[in-house]
Every structure is written in C-alpha cells, then in structure tokens.
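In what follows, every heavy atom counts, from backbone to side chain, and hydrogens, waters and symmetry copies are set aside.
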Amino acid sequence: MRDAYHEELDSIGDGLVEMARLVGSAIGRATTAILDSDLKLAESVIEADQKVDDLQHELEARAIALLARQQPVATDLRIVVTSLRMSADLERSGDLAQHVAKLARLRFPERAIPHDLHATILEMGQLAQRLMAKAAEVIVTKDVDLALQLEQDDDDMDLLHRTLFQHLMDDRWKHGIETAVDVTLLGRYYERYADHAVSVAKRVVYLVTGEHADELQADAQQEIQPVAGADGA
C-alpha cells in the first residue's frame with residue numbers, strides 16, 4: 001500500500017514536469033508565431049493549451065484523492081499541497097503563452113511587432129523558454145541552488161520589459177496606438193510568464209527545505225555580511 005502511495009506521489013511530480021515542458025514549448029512556438037505572423041503555428045499553440053488544462057485537472061484529482069485516502073502529514077503533505085500550487089502556476093503560464101498566440105492570430109496577416117522590436121521580443125521569448133526549462137529541471141532534481149538562481153535570471157526579463165517601455169515612451173515612436181497596446185500586452189505576458197517560472201522554483205525550495213526561498217536568501221545574505229569591527233579591532 002505504501003509503495004503504491006509513493007508511486008502516486010511520484011506520478012504527480014511527473015505530471016508537473018510534463019506541464020512545464022509543454023508550457024515551455026508553447027511560449028517558444030507562440031513567440032515564433034507572433035514574430036513571423038504564422039497563423040497555423042498560432043492556432044496549434046492555442047489548441048494545445050487544452051492538454052495543459054487537462055493535465056492540471058488530472059493532477060488536482062490525484063492530489064485530492066491522496067489527501068482523502070492517505071491523510072498525509074509532514075513532508076508528504078507538503079509535497080501534495082505544494083504540487084497543487086505549482087500546477088496552478090504552470091497552468092497560468094500556458095494561458096500566457098496562449099495569449100501571445102491569440103495576439104498573433106488577431107493581427108494576422110499583419111505582423112503585430114514592428115521590425116525594430118523583433119530582437120527584443122525574440123530575446124524575451126527565448127529567455128522565458130529557458131526559465132521554464134530550468135524550472136522543469138528543478139522539479140526533477142530538487143536542486144535548491146538552481147532554484148534560487150531563477151530569481152536572478154528573472155532580472156534579465158525585467159530589464160527587457162523596461163526596454164520595451166523605453167521604446168514606447170520615445171518621442172520617435174511611429175507605430176501608432178494599436179501597436180503600442182499590443183507591445184504593452186506582450187511585455188506583460190512575458191514578464192508574468194517569467195514570474196510563474198520563478199514561483200515554481202521557489203515552491204520547490206519550500207518543498208525540499210520547509211523554508212520559503214526569500215527566507216533562505218535573507219539568511220544567506222546575513223551570513224556573508226562582514227562582522228562589525230572585524231577589520232579594525
């Protein structure tokens with residue numbers, strides 16, 4: 001009975017990894033769709049999001065069944081509850097990739113992104129995909145150090161997000177209000193997607209250590225602070 005119970009716990013973890021891989025692929029394909037105005041690719045991303053939703057519903061059903069049957073405590077309870085929260089982050093990431101694809105479909109056959117912003121949007125899409133790939137690796141390996149790195153990587157996304165706004169606020173902007181709205185929405189989609197990848201990694205930190213990632217980082221920061229008076233006493 002206990003072997004079956006732990007196999008079910010493992011299957012929940014496998015489901016999370018599959019969700020992360022699916023939404024990572026989705027954001028990459030959605031980025032290509034919006035930059036190339038590829039309607040067929042955009043439609044495939046939109047349709048594929050149903051699989052992510054189905055996986056989340058299946059994972060939730062398994063987790064709830066485990067809670068009802070086994071009434072886990074301590075570490076096992078933390079695994080189940082944290083997995084439910086991670087699945088919500090991953091499902092929302094899939095929605096955000098779908099939003100990018102829907103914008104590509106809305107503007108077809110026109111290109112939603114001006115040529116001078118292609119490089120920035122491409123970089124945001126690639127970074128989002130890398131962040132989610134790292135999140136998937138963290139789920140598999142339970143590597144706390146790698147999980148904590150994701151928040152630093154997310155700083156790069158924040159910088160790219162600010163770069164978009166600098167273009168929008170520039171007096172030389174010549175692409176009109178509609179395109180400005182599209183670019184603003186896209187920037188938000190990628191920025192939020194990255195936040196969800198970081199959130200998944202932080203939840204793994206809590207799963208492994210029982211401490212929140214912010215608390216661990218604060219403790220680490222205190223440890224490296226120089227001792228007062230150590231250099232002059």
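Using a distance-only test at 3.5 Å, with no hydrogens or angles considered, a donor-acceptor pair links the side chain of Tyr193 to the main chain of Val23. With hydrogens and angles ignored, the 3.5 Å screen pairs no side-chain donor or acceptor of Ser199 with any backbone N or O of Asp195. A donor-acceptor pair under 3.5 Å is formed between the side chain of Ser37 and the backbone N or O of Glu110. Side-chain atoms of Ser87 come within 3.5 Å of backbone atoms of Leu84 as a donor-acceptor pair (strictly under, hydrogens ignored). At least one donor-acceptor pair closer than 3.5 Å links the side chain of Arg78 to the backbone N or O of Leu207. Between the side chain of Asp170 and the backbone N or O of Trp173 there is no donor-acceptor pair closer than 3.5 Å. Although no hydrogens or angles enter the test, the distance criterion places a donor-acceptor pair under 3.5 Å between the side chain of Thr32 and the main chain of Gly28. Without hydrogens or angle criteria, Arg111 side chain to Ile34 main chain gives no donor-acceptor distance under 3.5 Å. A donor-acceptor pair under 3.5 Å links the side-chain atoms of Asp38 to the main chain of Lys40, judged by distance alone.
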Query - CA sep, side-chain torsions, deciding dist, call: Leu164, Met124, side-chain contact (heavy atoms from CB on, under 4.5 Å) - result: CA-CA 10 Å; Leu164 282 184; Met124 292 181 86; 3.7 Å; yes

Query - Derivation of the side-chain contact (heavy atoms from CB on, under 4.5 Å) call for Leu77 and Leu67 - result: CA-CA 8 Å; Leu77 179 60; Leu67 289 171; 3.6 Å; yes

Query raised in the report: Would Asp182 and Leu103 count as a side-chain contact (heavy atoms from CB on, under 4.5 Å) if you check the C-alpha gap in whole Å, the side-chain angles of each, and the deciding distance to 0.1 Å?
Result: CA-CA 8 Å; Asp182 288 347; Leu103 185 55; 3.5 Å; yes

Requested in this report: Assess whether side-chain contact (heavy atoms from CB on, under 4.5 Å) is satisfied between Leu90 and His196, documenting all intermediate values.
Outcome: CA-CA 7 Å; Leu90 293 168; His196 283 295; over 6 Å; no

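Distance check, rounded to the nearest 0.5 Å: NE2 of His161 to CD of Gln166 gives 11.5 Å. One finds the CD1 atom of Ile12 at 9.0 Å from the CD1 atom of Ile79 (value rounded to the nearest 0.5 Å). Separating the CG atom in Leu148 from the CG atom in Asp153 is a distance of 11.0 Å, to the nearest 0.5 Å. Annotation: the span from Leu16 atom CG to Met86 atom CE amounts to 4.5 Å, rounded to 0.5 Å. Summarising the geometry, atom CG belonging to Leu106 is positioned 10.0 Å from atom CG belonging to Leu185; distances are rounded to the nearest 0.5 Å. We find the CD-CG distance between Glu18 and Asp14 to be 9.5 Å, quoted to the nearest 0.5 Å.
Heavy-atom minimum distance, Arg29 versus Ser44: NH1-OG, 3.1 Å. Here the closest heavy-atom approach between residue Ala20 and residue Ala136 is recorded as CB-CB, 3.8 Å. Summarising the geometry of Ala135 relative to Ala197, their closest heavy-atom pair is CB-O, 3.9 Å, with the distance given to 0.1 Å. Residues Leu59 and Gly15 approach most closely at CD1-C, 4.2 Å, considering heavy atoms. For Ala128 against Ile27, the heavy-atom pair with the smallest separation is CB-CG1, 4.0 Å. Residues Leu150 and Ala201 come closest through the heavy atom pair CD2-CB, 3.8 Å.
Sorted by first and then second residue, the pairs that involve residues 42-59 and meet salt bridge (Lys or Arg N to Asp or Glu O under 4.0 Å), not counting sequence neighbours, are Glu43-Arg105, Glu58-Arg62.
Side-chain contact between Met132 and Arg21: absent, with no pair of heavy atoms (C-beta onward) separated by less than 4.5 Å. Proximity of Tyr190 to Ile121: side-chain heavy atoms (C-beta onward) are separated by under 4.5 Å at one or more points. Side-chain contact between Val52 and Gln98 is absent, with no heavy-atom pair separated by less than 4.5 Å. Two residues are said to be in side-chain contact when any heavy atoms from C-beta on lie closer than 4.5 Å; Leu117 and His167 meet this criterion. Within the 4.5 Å cutoff, the side chain of Glu151 has heavy atoms near those of the Lys202 side chain. Side-chain contact check for Thr82 versus Arg85: every heavy-atom pair is 4.5 Å or farther apart. The shortest side-chain heavy-atom distance between Ser11 and Glu8 falls under the 4.5 Å cut-off. Using a 4.5 Å cut-off on side-chain heavy atoms (C-beta onward), Lys134 and Arg130 make no contact.
Cluster annotation: Met169 and Val183 are assigned to distinct hydrophobic clusters (Ile/Leu/Val/Met/Phe/Trp/Tyr, side-chain heavy-atom contacts under 4.5 Å, transitive). Tyr189 and Phe108 are not part of a single hydrophobic cluster, where members link through side-chain heavy atoms under 4.5 Å apart. Hydrophobic clustering (ILVMFWY, side-chain heavy atoms < 4.5 Å, transitive): Val100 and Leu41 are in distinct clusters. Criterion: ILVMFWY side-chain heavy atoms under 4.5 Å apart, direct or through other members. Under it, Val17 and Leu9 are part of a common hydrophobic cluster. With hydrophobic clusters built from ILVMFWY side chains whose heavy atoms lie under 4.5 angstrom apart, Leu160 shares a cluster with Leu168.
Leu186 pairs in a side chain to side chain contact (heavy atoms under 4.5 Å, CB included) with only one of the listed residues (Thr120, Ile113, Thr31, Val181), which is Ile113.
Residues Arg92 and Asp89 are not paired through a salt bridge, judged by the lack of any N-O separation under 4.0 Å between the basic side chain and the carboxylate. The pair Arg188-Glu191 counts as a salt bridge, with a side-chain nitrogen and a carboxylate oxygen less than 4.0 angstrom apart.
Using the six-membered ring where Trp is involved, His115 and His118 have ring planes that are tilted, between 30° and 60° apart.
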